Enquirer: 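Shown below is the structure under consideration.
The model shown is predicted, which means the values in this text are computed figures rather than measured ones. Both ligands and their constituent atoms are indexed starting at 1 by order of listing.
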Amino acid sequence: MRLKGKSAIITGGASGIGEYTVRDMVKEGANVLIADINDEMGEKLAAELNTEQTNVIYQHVDVSNEQDIEAMVNRAVNEFGKLDIIFSNAGIGAMSPTTDLPYEEWKKVISINLDGVFLCAKHAIKAMQQSGGGSVINCASILGHVGQAATASYTAAKGGVVNLTRALAVEYAKENIRVNAVCPGYIETPLLNELDEAMKNHLISLHPMGRLGKPEEIAKAVTFLASEDASFVTGANLLVDGGYTAQ
Ligand SMILES: NC(=O)c1ccc[n+]([C@@H]2O[C@H](COP(=O)([O-])OP(=O)(O)OC[C@H]3O[C@@H](n4cnc5c(N)ncnc54)[C@H](O)[C@@H]3O)[C@@H](O)[C@H]2O)c1
């Protein structure tokens, strides 16, 4: 068990990539706080995974609200005694031609997908400094590395996450706090529910491996980055994309 005795926060932990990462980290022995706005799914997952051996709790958190983030970190420290890992994963999708994109929509996507990652890092790193170190993992995307039409706000936010990850890694390297990001290709999660079959087939064709990724394949990469197996890995943006960006 690679995360025995560790405690983790996973934002957006009620669904998709976050849910599978909660499951993987619990399997590896971590205590986990699931943070999400979907209370029904978050509570259900926590109830399913909480056991005498592993403490799994749920808290309602909107990652674009700094008070929620502070309360989330405080709760994790109070419940688990310390915070070792945070996976800042909560995010929303957004597609619109840029000329039709209302400024309010742009701000919403930036506030959840980029500001939320900053706020989590700000408060989680303070807690990690108290206990002598930790591992921050951010969820970026292939769209932090390459562009795609009609995704201006999403792509700008993920590009921000990629370079924020590097800046934080450099800033806290000497304090035993590693900061990395995982950059998924298109993954079969509810985020893709709104796409029609033709669009899904198009996306499949863009991945050299000829399929979309599975959320558990991202979870494995996140657990690796969280674990001591990645003890010399910081500032990395780990692409898990079936070759999408290699072409
Ligand atoms: N699915 C993909 O193809 C794909 C590809 C690259 C990156 N990503 C990224 O992976 C992350 C997870 O996405 P997913 O595909 O698992 O989607 P998902 O919709 O299954 O899960 C996202 C979770 O985030 C939660 N959430 C949304 N807004 C929130 C907020 N303001 N505060 C707290 N929680 C909030 C949702 O309730 C949900 O549980 C996102 O950051 C997304 O951008 C996904």
Enquirer: List the closest protein heavy-atom neighbour of atom 29 (C) of ligand 1: residue, atom name, distance to the nearest 0.1 Å.
Expert: I37 CD1, 3.7 Å
Enquirer: Could K107 and E104 be called an ion pair, given the rule that one side-chain N must be under 4.0 Å from one carboxylate O?
Expert: yes
Enquirer: If I take atom CD1 from residue I142 and atom SG from residue C183, how far apart are they, to the nearest 0.5 angstrom?
Expert: 9.5 Å
Enquirer: Give me the nearest non-hydrogen protein atom to atom 2 (C) of ligand 1 as residue plus atom name, then the distance to 0.1 Å.
Expert: I187 N, 3.5 Å
Enquirer: What protein heavy atom sits nearest atom 5 (C) of ligand 1, and how far away is it?
Expert: G185 O, 3.1 Å
Enquirer: Check this for me - ligand 1, N38, N or O atoms closer than 3.5 angstrom, yes or no?
Expert: no
Enquirer: Starting from atom 40 (C) of ligand 1, locate the nearest protein heavy atom and write down its residue, its atom name and how far away it is, to 0.1 Å.
Expert: N89 O, 3.2 Å
Enquirer: Can you tell me which residue and heavy atom of the protein come closest to atom 18 (P) of ligand 1, and the distance to 0.1 Å?
Expert: S15 OG, 3.6 Å
Enquirer: Is it the side chain, the backbone, both or neither of K158 that has a heavy atom closer than 4.0 Å to ligand 1?
Expert: side chain
Enquirer: Considering only protein heavy atoms, which is closest to atom 17 (O) of ligand 1, and at what distance to one decimal place?
Expert: L191 CB, 3.5 Å
Enquirer: Regarding atom 7 (C) of ligand 1: of the candidates Y154, Y20, Y186, which has the closest heavy atom?
Expert: Y154
Enquirer: Is it the case that more than 12 heavy atoms not belonging to M209 sit under 6.0 Å from its CE atom?
Expert: no
Enquirer: Around atom 32 (N) of ligand 1, find the nearest protein heavy atom and jot down its residue, atom name and distance.
Expert: V63 N, 3.0 Å
Enquirer: With respect to atom 36 (C) of ligand 1, which of V61, I142, D36 exhibits the smallest heavy-atom separation?
Expert: D36
Enquirer: Which atoms of ligand 1 sit under 4.0 Å from any heavy atom of A90?
Expert: 24 (O), 33 (C), 34 (N), 35 (C), 41 (O)
Enquirer: Who's the nearest protein heavy-atom neighbour of atom 9 (C) of ligand 1, and how far?
Expert: C139 SG, 3.6 Å
Enquirer: With a sphere of 6.0 Å drawn around NZ of K108, does it hold more than 12 non-hydrogen atoms of other residues, nucleotides or ligands?
Expert: no
Enquirer: Strictly under 4.0 Å, does any heavy atom of A140 approach an atom of ligand 1?
Expert: yes
Enquirer: Kindly compute the distance separating CG (N74) from CD1 (I69), expressed to the nearest 0.5 Å.
Expert: 11.5 Å
Enquirer: Heavy atoms only: give me the nearest F224-A230 pair and the separation to one decimal.
Expert: O-CB, 3.3 Å
Enquirer: Is T234 reaching over with its side chain to a backbone N or O of V179, donor-acceptor style, under 3.5 angstrom?
Expert: yes
Enquirer: When only distance counts, is I17 in polar contact with ligand 1, meaning an N/O pair under 3.5 Å?
Expert: yes
Enquirer: Rounded to the nearest 0.5 Å, how far does CG of D62 lie from OG of S111?
Expert: 7.5 Å
Enquirer: With a 3.5 Å distance limit and no angle check, can you tell me whether N55 reaches the backbone of N31 through a side-chain donor-acceptor pair?
Expert: no
Enquirer: May I ask which of G12, P190, G91 has a heavy atom nearer to atom 27 (C) of ligand 1 than the others do?
Expert: G91
